[in-house]
Structure formats: structure tokens, C-alpha cells
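Beneath this line is the structure, given in C-alpha cells, with notes to follow.
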Amino acid sequence: MGVITDLFFAIGDFCKWTFENLLSPIGVIFGWLFTFIGIALMGWWLNKLAKFGNDNEKKYDEI
């Protein structure tokens, strides 16, 4: 009975160690990565929107 509980505690300690030492830094890295990707996509979208607006205004000026 003691061996089984020791195995469960070992698995629990391993999961806790993994969360504290591996998953948290990976989560922070991916959080910043997705933030920069989002900023880049927002800039790209605003650039495309500005170009579309200029072409659209040119078409209305000709009328």
C-alpha cells in the first residue's frame, strides 16, 4: 500500500514540477509571441484598409 501511494505522490510532484518549471515559461513565451503576431496582423490589416480607402476615394472623385 505504501508503494502505490508513493507512486501517486511522485507523479503528483512531477506534474507540479512540470507546471512550475516548464509550462509557465512556455506559456509566457507563447503569450508574447501571439501578442507580436497580433500586432503585426493588425498593422497589416490597417495598411490594407488604408490602401483600399485610397482606391475607393479615387473612384468616387472621378464621378
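Residue numbers count from 1 along this sequence. All values below come from the heavy atoms of this structure, side chains included, with hydrogens, waters and symmetry mates left out. This structure is a prediction, so every number in the text was calculated from the model and none was measured.
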Got a list of side-chain donor-acceptor pairs under 3.5 Å for residues 34-45, not counting sequence neighbours?
residue : atom : partner : partner atom : Å
T35     : OG1  : G31     : O            : 2.7

Using residues 21-30 as the side-chain source, report each donor-acceptor pair under 3.5 Å to any protein atom, sequence neighbours left out, with the distance given to one decimal.
residue : atom : partner : partner atom : Å
N21     : ND2  : W17     : O            : 3.4
S24     : OG   : F19     : O            : 3.1

query = Members other than F9 in its cluster, when Ile, Leu, Val, Met, Phe, Trp, Tyr link by side-chain heavy atoms under 4.5 Å?
reply = none

